[in-house]
2 protein chains.
Amino acid sequence: MTNEKLLSDFKDVLKKEGLKVTPQRIAVLEEIIKDKGHRESEDIYMAIKSRKTHVSRATVYRTLDILVQKGFARKLNLGDGRARYETKIDSPHHDHIICNECGKIIEFVNDEIEKMQEEIAKQHHFKLQQHIHQLFGLCKECQ
Amino acid sequence: MTNEKLLSDFKDVLKKEGLKVTPQRIAVLEEIIKDKGHRESEDIYMAIKSRKTHVSRATVYRTLDILVQKGFARKLNLGDGRARYETKIDSPHHDHIICNECGKIIEFVNDEIEKMQEEIAKQHHFKLQQHIHQLFGLCKECQ
DNA sequence: TTTATAATTGAGAATGATACTCAATTATAA
DNA sequence: TTATAATTGAGTATCATTCTCAATTATAAA
């Protein structure tokens with residue numbers, strides 16, 4: 001999906017919900033798109049400020065909530081007390097391997113595990129809604 | 001393992017490390033053993049206070065750290081900002097299914113997934129150290 | 001284009017779990 | 001029993017995130 005399409009989709013969603021299209025909201029989306037990494041709210045806040053758009057931390061958090069809510073972004077909890085955000089658009093479902101030493105984050109996909117999760121949920125009579133699967137260890141460089 | 005054995009093991013570990021055996025530390029261990037559930041620090045603090053032992057939140061946190069460090073307890077991060085602790089002794093490795101509605105926590109074990117995790121780590125040249133695998137959804141009662 | 005209005009913003013205060021500080025207390029070895 | 005280093009607890013600090021509310025702004029209607 002092109003960035004223009006994504007931007008106009010976001011604007012459409014905002015309008016449909018009676019929400020306003022503001023420079024701050026656009027800036028947060030742009031930031032998420034530009035660097036497809038796993039970004040902290042503070043990073044995004046700093047990146048936007050260091051350009052031209054005036055923004056506050058509160059607005060960054062609020063906009064990130066909207067993006068997650070509307071399916072444009074995914075929020076990660078890596079257990080270190082700071083949430084990470086990544087684009088959800090054009091990014092198939094994946095989980096993460098995190099280096100305990102340098103913090104590097106790598107994505108992985110495994111359909112077998114996905115299937116087994118469904119199986120496990122069924123066994124316990126759960127209707128599966130989301131999951132967190134994170135592997136922690138030492139990356140090649142840090143061993 | 002009997003609770004007496006566990007208690008004396010803990011005392012031994014403390015002594016070996018030059019740490020003191022205090023009523024507060026014993027109380028935290030006992031609390032963790034008694035209710036094998038997934039306990040929050042605040043629960044444990046309240047439970048100990050409601051009996052006879054004088055204790056502070058700080059000491060509960062400090063003792064839980066020791067218990068995790070020494071392999072007596074496991075710390076869970078369920079993404080809601082409060083850590084949970086569970087006995088690690090006599091409890092084979094397992095992961096968790098959590099109900100999004102009522103918060104119920106159920107344990108599951110799946111050796112296949114465990115093996116695949118190792119495989120995935122190897123593929124990415126990681127030395128696996130820990131992992132988090134949590135399924136979230138609606139339990140039978142909450143659907 | 002102007003106006004009316006409800007949504008948004010930002011500064012700073014609030015929150016909530018957890019960690020830290022340090023003087024007073026206590027477990028332990030001699 | 002004593003000396004001493006470890007521990008405790010009360011309260012303060014921290015840090016990410018959320019909330020508050022007055023001022024600002026996007027937007028629909030005129």
- line: A/Glu42 CD to D/dT18 P, in whole Å, measures 14 Å
B/Glu31 with B/Arg51: basic N within carboxylate O range, under 4.0 Å: yes
- prompt: Within this structure, what is the CG-to-C1' distance between B/Asp65 and D/dA6, rounded to whole angstrom?
  reply: 16 Å
- prompt: Quick one: do A/Leu29 and A/Val13 end up in the same hydrophobic cluster if we chain Ile, Leu, Val, Met, Phe, Trp and Tyr together by side-chain heavy atoms under 4.5 Å apart?
  reply: yes
- prompt: Would you say B/Met116 has more than 12 foreign heavy atoms packed within less than 6.0 Å of its CE?
  reply: yes
task: Could you tell me whether B/Arg82 and B/Glu42 have a side-chain N and a carboxylate O separated by less than 4.0 Å?
output: no
query: Are any of the side-chain nitrogens in A/Arg84 or A/Glu40 under 4.0 Å away from the carboxylate oxygens of its partner?
result: yes
statement: Under a 3.5 Å limit on both distances, the Watson-Crick or wobble mate of C/dT15 is D/dA16
- prompt: Taking NZ, NE, NH1 and NH2 as the nitrogens, is one of them in B/Lys5 or B/Asp9 under 4.0 Å from a carboxylate oxygen of the other?
  reply: yes
query: Which of residues 81-89 of chain B have a heavy atom under 4.0 Å from DNA chain C?
result: B/Gly81, B/Arg82, B/Ala83
message: Under a 3.5 Å cutoff, is there a donor and acceptor pairing between the side chains of B/Gln130 and A/Asn100?
response: yes
statement: Between the NE2 atom in B/His131 and the NE2 atom in A/His133, the distance rounded to the nearest 0.5 Å is 5.5 Å
- request: May I ask you to verify if any side-chain N or O of A/Thr59 is less than 4.0 angstrom from the OP1 or OP2 atom of C/dG10?
  value: yes
field: Residues within residues 97-104 of chain A bordering DNA chain C, heavy-atom distance below 4.0 Å
entry: none
query: Atom CD of B/Glu40 and atom C1' of C/dT18: how far apart are they, to the nearest Å?
result: 13 Å
message: Under a 3.5 Å threshold, yes or no: a donor from one side chain and an acceptor from the other, between B/His93 and B/Glu107?
response: no
message: Distance check needed: D/dA16 P versus A/Asp43 CG, whole Å only.
response: 11 Å
field: C/dA27: pairing nucleotide in any strand, Watson-Crick or G-U under 3.5 angstrom
entry: D/dT4
message: Counting only Watson-Crick pairs (N1-N3 plus N6-O4 or O6-N4) and G-U wobbles (N1-O2, O6-N3), all under 3.5 Å, who is the partner of C/dT21?
response: D/dA10
- request: Figure out the NZ/P separation between A/Lys11 and C/dT8, and round it to whole Å.
  value: 16 Å
field: A/Arg25 CZ - D/dT24 C1' separation (whole Å)
entry: 14 Å
- prompt: Distance check: side-chain N/O of B/Tyr61 vs OP1/OP2 of C/dT18, anything under 4.0 Å?
  reply: yes
task: Hey, which sits more toward the 5' end of DNA chain D by its nearest nucleotide, B/Tyr45 or B/Leu14?
output: B/Leu14
- prompt: Taking NZ from B/Lys75 and C1' from C/dA19, how many angstroms apart are they, rounded to a whole number?
  reply: 11 Å
field: N/O donor-acceptor pair, side chain B/Arg62 with base D/dG9, under 3.5 angstrom
entry: yes
message: If we count only N and O atoms by modelled type, under 3.5 Å, do the side chains of B/His94 and B/Glu86 hold a donor and an acceptor together?
response: yes
message: Please tell me if A/His54 has a side-chain N or O lying less than 4.0 Å from either OP1 or OP2 of C/dT9.
response: no
statement: Looking only at C/dT9, D/dT7, C/dG12, the nucleotide nearest the A/Ala58 side chain is C/dG12
- request: Would you kindly give the CD1-to-C1' distance between B/Ile48 and D/dG9, to the nearest whole Å?
  value: 14 Å
field: Spacing of B/Leu7 atom CG and B/Ile33 atom CD1 [to the nearest 0.5 Å]
entry: 6.5 Å
query: If only side-chain N and O atoms of B/Arg57 are considered, is one of them under 4.0 Å from the OP1 or OP2 phosphate oxygen of D/dA10?
result: no
message: Heavy atoms from C-beta onward define the side chain here; which of C/dT18, D/dG9, D/dT17 lies closest to that of B/Val55?
response: D/dG9
field: A/Glu30-A/Asn3 side chain donor-acceptor pair, cut-off 3.5 Å
entry: no
message: Does the protein touch nucleotides 25-30 of chain D at the base, only the backbone, or not at all? Give it as B, S and - per nucleotide, heavy atoms under 4.0 Å.
response: BBS---
A/Gln134 and A/His96 side chains, donor-acceptor separation under 3.5 Å: no
message: Students often get this wrong, so: under 4.0 angstrom with heavy atoms, is B/Gln24 touching a base, only sugar-phosphate, or nothing?
response: sugar-phosphate
